[in-house]
Amino acid sequence: MQHDGTMDFPLGQSATKGGAIRPLAERMRPHSLNEVIGQDHLLGNGCLLPKLIRENRVGNLIFAGPPGTGKTSLATVIAMEGSCKLLKVNAVTSNVAELRETLKLAKYHGAETCYLFVDEIHRFNKSQQDLLLPDIESGEVRLIGATTHNPRYYVIDPLLSRSHLFSLKSLDEEIIEQALHFCLTDRARGLGDRQCSAEEGTLASLALFAGGDMRRAYNLLETIVEGLPEGATIGEEQIALFAGERGVRYDRDEDEHYDTASALIKSMRGNDPDAAIYWLAKMLAGGEDPRFIARRLVIFASEDVGLADSRALLMADAAFRACETIGLPECELNLAHATLFLATCPKSNSVTLAIGEAKRALRERPAQSVPSSVRDRHGRNREDREEGEEGYLNSHEFPENISGQEYLEKPLTLYRPKTSGAESAISERLDKWKSLRRSAQKSSPL
């Protein structure tokens, strides 16, 4: 960024500046709205945004999406289409003093002819984001923010309410492949001067390794072409060099972390072992702590399997212990074992519902006292029993341990068994016990 905050490389400028070669991804940035690739859900036929961009009637915008999906490129194109200046601030390196100066410059140029672009806006703390509000509120500054995080968690509500939020999607492999083909022949900005070609299917493989990230795809292609002589053909042997570098987009402690964990849990809950093992593999490939996964499995065993198959808790706990005592990479097998077991178990959330009902009863009704008949009669309470007070009936002295005695002052129904797996037998057993309890209570002299 120059001192006044304008772009370093205006349109049409050489690929080199001060002896440094501009990266291919930077050179291939679109020059107009028609050159923007992908994002048809925002820029396709019938969408409102392209019309507003061309007429310079766009308000404050926040673009959210994975890396390499075109957030910065789209911000640049919006400014170009409206013949506006784009003042760039990177929230990673900026500070309050620089932000104040850039805001002054944006107000000097005026909102009609200038945009303030804040890259990685989620990196601004609350105070820095608050600093943007007065000028955006007054309309003196038009903001375009870009973030790879969920803005609803990282951008303050007042700023979100004053902006239009648009989500960009990872680019399809076919779109990336087409862009790479064009780049190989483009002499003005691409690699056309190298006169290289590609064997059929090689650029498709390269697009696959990019994982929806256009910047990464350009970087990979540039590295390969620069390492080959002019006029060479790119083959699978060159692509194979990058096969081990294919990264899985997975940010621990960020959105991808929670989204993938959620997908794992919901796949197991939905009895889909294939999806469950896939999301498990992605978490492990992304560097997730296996103990985090194991903890989720232990919770799931009681929350979603419960009494339908009580072995689930033992299996999940064993996987957790394996993660602590064995560690990676071997404990991946234990996690896979437990994941597939849980995904194929019968499911019941009656445990979750029962403890929820019990908590609600305590919250919404007066707390019950322990009935005198089942209070502890050892130690200091040994002589507290009043004359004529009902005594405890030892359940082992009655058929099927049913004495007819109540264990709550006011009986409640909190646990409602389901008919899944082993819990169907529990349901039948409880119905039988209820009948025995009623019979015992009728025959009791008390």
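From a predicted model like this one, the values you see are computed outputs, not experimental measurements. Residue numbers count from 1 along this sequence.
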Y108/L103 under side-chain contact (heavy atoms from CB on, under 4.5 Å): CA gap, chis, key distance, verdict: CA-CA 9 Å; Y108 170 78; L103 284 170; over 6 Å; no
Return the set of residues passing salt bridge (charged side-chain N to carboxylate O under 4.0 Å, His left out) with [X] (not counting sequence neighbours), or none when no residue passes.
| X | answer |
| --- | --- |
| E55 | K51, R57 |
| R123 | none |
| K126 | D130 |
| E140 | none |

If every non-hydrogen atom of [X] is compared with every non-hydrogen atom of [Y], which pair is closest and at what distance?
| X | Y | result |
| --- | --- | --- |
| M268 | A276 | CG-CB, 3.7 Å |
| A25 | Y218 | CA-CD1, 3.8 Å |
| S170 | T69 | CA-CG2, 3.7 Å |
| A210 | A217 | CB-CB, 3.7 Å |
| T223 | N219 | OG1-O, 2.9 Å |
| G306 | V351 | CA-CG2, 4.2 Å |

Can you confirm whether more than 12 heavy atoms, excluding those of [X], are under 6.0 Å from its [atom1] atom?
| X | atom1 | value |
| --- | --- | --- |
| R365 | CZ | no |
| Y278 | OH | no |
| R100 | CZ | no |

Could you list the donor-acceptor pairs under 3.5 angstrom formed by side chains in residues 174-185, with sequence neighbours left out?
from: T185; atom 1: OG1; to: F182; atom 2: O; distance (Å): 3.0

Quick one: are [X] and [Y] in side-chain contact, heavy atoms under 4.5 Å?
| X | Y | answer |
| --- | --- | --- |
| L328 | P290 | yes |
| K282 | L264 | no |
| L165 | P151 | yes |
| I234 | L221 | yes |
| D186 | L191 | no |
| Y115 | V58 | yes |
| L42 | C47 | no |
| D431 | S427 | yes |

Residues [X], [Y]: salt bridge by 4.0 Å N-O rule:
| X | Y | result |
| --- | --- | --- |
| R187 | D193 | yes |
| R189 | E35 | yes |
| D135 | K107 | yes |

Of all pairs that satisfy side chain to side chain donor-acceptor pair (under 3.5 Å), the ones with a partner from residues 322-342, not counting sequence neighbours: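 Qualifying pairs, neighbours excluded: none.
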[atom2] on [Y] to [atom1] on [X], rounded to 0.5 Å:
| X | Y | atom1 | atom2 | answer |
| --- | --- | --- | --- | --- |
| L74 | L43 | CG | CG | 5.5 Å |
| R291 | L335 | CZ | CG | 12.0 Å |
| I62 | K71 | CD1 | NZ | 13.0 Å |
| S348 | E303 | OG | CD | 11.5 Å |
| T102 | L132 | OG1 | CG | 10.0 Å |
| L159 | Q128 | CG | CD | 12.0 Å |

Quick one: does any side-chain atom of [X] pair with a main-chain N or O of [Y] as donor and acceptor, under 3.5 Å?
| X | Y | value |
| --- | --- | --- |
| T148 | P66 | no |
| Q368 | K410 | yes |
| D213 | R216 | yes |
| K347 | C345 | yes |
| R194 | L228 | yes |
| R296 | F292 | no |
| T202 | E199 | yes |
| K266 | A261 | no |
| E81 | L33 | yes |
| R162 | L133 | no |

Step-by-step side-chain contact (heavy atoms from CB on, under 4.5 Å) determination, R311 to F341: CA-CA 10 Å; R311 297 174 300 168; F341 184 88; 4.1 Å; yes
L284 and I293: CA distance, side-chain angles, deciding distance, side-chain contact (heavy atoms from CB on, under 4.5 Å) verdict: CA-CA 9 Å; L284 292 169; I293 302 173; 3.8 Å; yes
For H149, the option from F124, Y258, F63, Y154 that meets ring-ring contact (aromatic ring centres under 6.0 Å, His included):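 Among the candidates, only Y154 passes.
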Exercise: do R142 and N56 side chains pair donor with acceptor under 3.5 Å: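 Yes, because at least one side-chain N or O of R142 sits under 3.5 Å from a partner of the opposite role on N56.
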Side-chain H-bond candidate by donor/acceptor type, E423 with S350, under 3.5 Å: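 The criterion, which ignores hydrogens and geometry beyond distance, is satisfied for S350 and E423.
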Derivation of the side-chain contact (heavy atoms from CB on, under 4.5 Å) call for F320 and L297: CA-CA 8 Å; F320 180 78; L297 297 183; over 6 Å; no
Proximity of H122 and Y153 rings by center, below 6.0 Å: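 No, they do not, as the ring centres are separated by 6.0 Å or more.
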